[in-house]
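Read the structure below first, then the notes.
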Amino acid sequence: MTSTALLTDRYELTMVDAALRAGTHDRPSVFEAFGRSLPRGRRYGVVAGTGRLLELIERFRFTDAELEWLRANDVVGAPTLDWLADYRFTGTITGYREGEVYFPGSPLLVVESSFAEGVVLETLILSVLNYDSSVAGAAARMVSAARGRPLAEMGSRRTGERSAVAAARAAYIAGFGASSNLEAGRSWGVPTMGTAAHAFTMLHDSEEEAFRAQVDALGPSTTLLVDTYDVAEGVATAVRVAGTSLGAVRLDSGDLLTLVHDVREQLDSLGATSTRITVTNDLDEYAIAALASTPVDSYGVGTSLVTGSGHPAAGMVYKLVARQGADGAWVSVAKKSADKATHGGRKHPVRVLGASGTAVSETIYVGDEAPASALASGRALHVPLVVDGAVLGGATGAAGVRAARKHHAAAVAELPAQAFRLAAGEPVIPTVYETV
C-alpha cells in the first residue's frame with residue numbers, strides 16, 4: 001500500500017507541530033469543504049472524487065520513509081514525528097453523495113475529529129474534490145448539450161497521467177458513456193473504447209490498406225478515421241472496404257458544421273445508412289450545442305473536459321467551522337475577511353423540493369438537526385462516509401462509481417429546466433441559511 005501522507009502542503013504539518021507544543025492539537029473540531037461560488041457562469045456544480053478520496057484517506061500513513069524525509073529536512077520536531085508515526089484518522093466524515101449537485105456554500109464534506117487529525121487532510125481533500133468536481137461539472141454541461149447523444153472521454157494526452165484517470169472517472173459519473181483510458185477501466189470500472197489514430201493510417205502504403213487491416217482485426221462494426229487525407233475519398237474507401245455495415249466513421253478536423261452534413265449525405269448515397277458519425281475535434285459544451293442540428297451520432301471530448309472547460313479547479317476551500325474551547329463548550333468559528341467570510345457552525349443541508357419534485361432551494365440549517373418539517377418537503381443531503389475512522393461500504397471502488405453515476409442522474413432530474421442553459425447565469429436555486 002503506497003502512502004499518501006506527503007501529498008500535502010508543509011503548513012499542514014507545521015500547524016500540527018505548533019498545536020502539539022501549545023497543547024491544543026486534541027481539541028475536538030469540525031472542518032468543512034465547500035465552494036464560496038460556482039465556477040463562473042455555471043448554474044450548478046457536481047460533486048465528484050469522494051470515493052477516490054476515501055481510498056486515499058485510508059492510505060494516509062506516515063511510514064519510515066516519510067518520517068525520515070521529514071526528519072532530514074527539519075520539517076517538524078521530534079514530538080510531532082512521533083505523533084505522525086501513529087497517525088490514523090479516527091474521526092467521522094459526512095458529506096454529499098458523490099454525483100450530487102451542489103451550490104455556493106453547500107457543505108460538501110464535513111470532517112469531525114481532533115484538530116490535528118482533521119487539519120492534515122486539508123490538501124488531500126481539496127486536491128481531489130477541486131479537480132474531480134470541476135471535470136464532472138464540465139462533463140454534466142456537455143451531457144446536457146449533447147441531448148442524449150453518447151459522449152466519450154478522450155483527454156488522457158492533455159493532462160497528467162494520474163489526473164487522466166480521475167478525469168475519466170468523474171466524466172463517467174456525470175453521464176459520459178466511456179473513456180479511452182484503460183486504467184480508468186481497470187481501477188474504476190469505466191467502460192473503455194478506442195480503435196485507431198492517424199498514425200495507423202499513415203503507417204500503411206495506402207488508406208485502403210490501413211482500413212483493411214483494421215477491419216480484419218476489429219470487424220466491420222469498427223470506427224474508421226476518415227480525415228487523414230481527403231474526407232470524401234476516405235468515406236468512399238471506408239464503405240468499399242467494410243461494406244454498408246460499417247459501424248462508424250470519425251471526423252477529427254475541418255468545419256464540422258458543414259462536413260457532418262456532407263458525410264451523412266455521402267454515406268446514405270453509398271447505402272451505409274446505418275453507419276454512424278462521431279466527431280472529436282477540440283469539442284466543448286458550446287461546440288457540442290452548435291452541432292445539435294447536425295446528423296452527428298456521438299462525440300469524443302478531450303482537452304476541454306480534462307481542464308474543466310476553462311475551470312481546472314472548482315474553487316472549493318476547507319475551513320474550521322466549530323471547535324471545543326478549553327471549557328469543553330462548542331464554539332462556532334468563521335472568517336470575517338472581506339470577500340472570504342464563512343458561515344460557522346455544524347450544518348445540516350436539505351434540498352427543498354416543490355410539489356412537482358423540482359428543487360427550489362438549498363436550505364442549510366445551522367446548529368441542531370434539520371427540523372422534521374423541512375425533511376417532509378425535501379431530502380437531507382448529508383450521508384455518513386467514515387465512522388470512527390472506518391470507511392463505510394458503498395462509496396468506493398467500481399461499485400461506488402456506478403452508485404454515483406446513478407445518483408447523479410437522479411439529482412440532475414430534480415433541477416429546474418433553466419439549470420441546463422449554457423449562457424452565464426446565477427445558480428439555478430438559492431442557498432438559504434437558517435439557524436436552529
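Two residues are said to be in side-chain contact when any heavy atoms from C-beta on lie closer than 4.5 Å; Val317 and Phe34 meet this criterion. Side chains of Ser114 and His25 form no contact here, defined as non-hydrogen atoms less than 4.5 Å apart. Contact check for Leu251 versus Ile277: side-chain heavy atoms found under the 4.5 Å cut-off. Taking the side chain as every heavy atom from C-beta outward, Arg10 and Val75 approach each other to under 4.5 Å. Between Leu124 and Leu53, the closest side-chain pair of non-hydrogen atoms falls below 4.5 Å. Residues Asp252 and His198 are in side-chain contact: their nearest non-hydrogen atoms beyond the backbone lie under 4.5 Å apart. Looking at Val279 and Asn281, their side chains never come closer than 4.5 Å, going by heavy atoms from C-beta outward. Residues Phe62 and Leu13 meet the side-chain proximity criterion, which asks for heavy atoms closer than 4.5 Å.
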* **Intermediate values then yes/no, side chain to side chain contact (heavy atoms under 4.5 Å, CB included), Leu182 and Arg186** => CA-CA 6 Å; Leu182 293 177; Arg186 181 175 73 163; over 6 Å; no
* Pair Leu256-Thr294, side chain to side chain contact (heavy atoms under 4.5 Å, CB included): steps then yes or no -> CA-CA 9 Å; Leu256 296 178; Thr294 71; over 6 Å; no
Practice task
Take Glu100 and His407 through the side-chain hydrogen bond (donor to acceptor under 3.5 Å, both in side chains) test and state the conclusion after the steps.
Solution key: CA-CA 7 Å; Glu100 184 63 79; His407 182 74; 2.8 Å; yes
Derivation of the side chain to side chain contact (heavy atoms under 4.5 Å, CB included) call for Arg141 and Tyr286:
CA-CA 9 Å; Arg141 285 162 60 86; Tyr286 302 103; 2.9 Å; yes
field: Stepwise side chain to side chain contact (heavy atoms under 4.5 Å, CB included) test for Lys347 and Val321
entry: CA-CA 9 Å; Lys347 302 177 183 68; Val321 295; 3.9 Å; yes
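Ring geometry, Phe31 versus Tyr318: the interplanar angle falls under 30°, so the pair is classed parallel (tilted spans 30 to 60°).
Remark: Gln418 CD is packed, more than 12 non-hydrogen atoms of other residues, nucleotides or ligands lying under 6.0 Å away. Within 6.0 Å of CG on Asn73 lie more than 12 heavy atoms contributed by other residues, nucleotides or ligands. The neighbour count for Arg147 CZ, taken as heavy atoms of other residues, nucleotides or ligands under 6.0 Å away, does not exceed 12. Within 6.0 Å of atom CZ in Arg421, 12 or fewer heavy atoms from other residues, nucleotides or ligands are found, so the atom counts as exposed in its surroundings. Under a cut-off of 6.0 angstrom, the local environment of CD in Glu68 is crowded, with over 12 non-hydrogen atoms contributed by other residues, nucleotides or ligands. By the neighbour-count criterion of 12 heavy atoms within 6.0 Å, atom CZ of Arg276 is sparsely surrounded, having that number or fewer from other residues, nucleotides or ligands.
For the atom pair CZ (Arg169) and CH2 (Trp188), the distance works out to 4.5 Å, reported to the nearest 0.5 Å. Annotation: the span from Leu121 atom CG to Glu12 atom CD amounts to 9.0 Å, rounded to 0.5 Å. With values rounded to the nearest 0.5 angstrom, Glu112 atom CD is found 6.0 Å from Thr94 atom OG1. Summarising the geometry, atom OG1 belonging to Thr80 is positioned 11.0 Å from atom CG belonging to Leu67; distances are rounded to the nearest 0.5 Å. Interatomic distance, His408 NE2 to Ile173 CD1, rounded to the nearest 0.5 Å: 9.5 Å. In this structure, Phe115 CZ and Thr24 OG1 are separated by 7.0 Å, a value rounded to the nearest 0.5 Å.
The minimum heavy-atom distance linking Gly118 with Val111 is given by the pair CA-CG1, 4.2 Å. In plain terms, the two heavy atoms of Thr222 and Leu246 that are nearest each other are O-CD1, 3.6 Å. Of all non-hydrogen atoms in Leu38 and Tyr102, the two that sit nearest each other are CD2-CE1, 3.7 Å. Contact between Phe200 and Ala210 at its shortest, heavy atoms only, is CE2-O, 3.3 Å. Heavy-atom minimum distance, Val249 versus Thr223: C-CG2, 4.0 Å. The two residues Asn181 and Ala164 make their nearest non-hydrogen contact at ND2-CB, 3.9 Å.
Within the 3.5 Å criterion, the main-chain N or O of Leu129 finds a donor-acceptor partner in the side chain of Ser133. Checked by atom type and distance alone, the side chain of Ser332 pairs as donor or acceptor with a backbone atom of Gly345 at under 3.5 Å. The backbone N or O of Ser298 sits less than 3.5 Å from a side-chain atom of Thr278, completing a donor-acceptor pair. Here the side chain of His348 pairs a donor or acceptor atom with the backbone of Asp368 at under 3.5 angstrom. Checked by atom type and distance alone, the side chain of Arg149 pairs as donor or acceptor with a backbone atom of Ala292 at under 3.5 Å. A side-chain donor-acceptor contact under 3.5 Å links Glu98 to the backbone of Gly49. With hydrogens and angles ignored, the 3.5 Å screen pairs a side-chain donor or acceptor of Asp227 with a backbone N or O of Ser253. Although no hydrogens or angles enter the test, the distance criterion places no donor-acceptor pair under 3.5 Å between the side chain of Arg61 and the main chain of Ser3. With hydrogens and angles ignored, the 3.5 Å screen pairs no side-chain donor or acceptor of Arg42 with any backbone N or O of Ser37. Side-chain atoms of Glu66 come within 3.5 Å of backbone N or O of Thr63 as a donor-acceptor pair.
A side-chain donor from one of Thr90 and Glu117 sits under 3.5 Å from a side-chain acceptor of the other. When only modelled atom types and interatomic distance are considered, Arg250 and Thr280 share a side-chain donor-acceptor pair under 3.5 Å. Side-chain contact annotation: Ser309 with Asp284, donor-acceptor N/O pair under 3.5 Å absent.
Comment: Arg351 engages Glu362 in a salt bridge, judged by a side-chain N to carboxylate O separation of less than 4.0 angstrom.
Taking the six-membered ring where the residue is Trp, the centroids of Tyr87 and Phe89 are separated by 6.0 Å or more.
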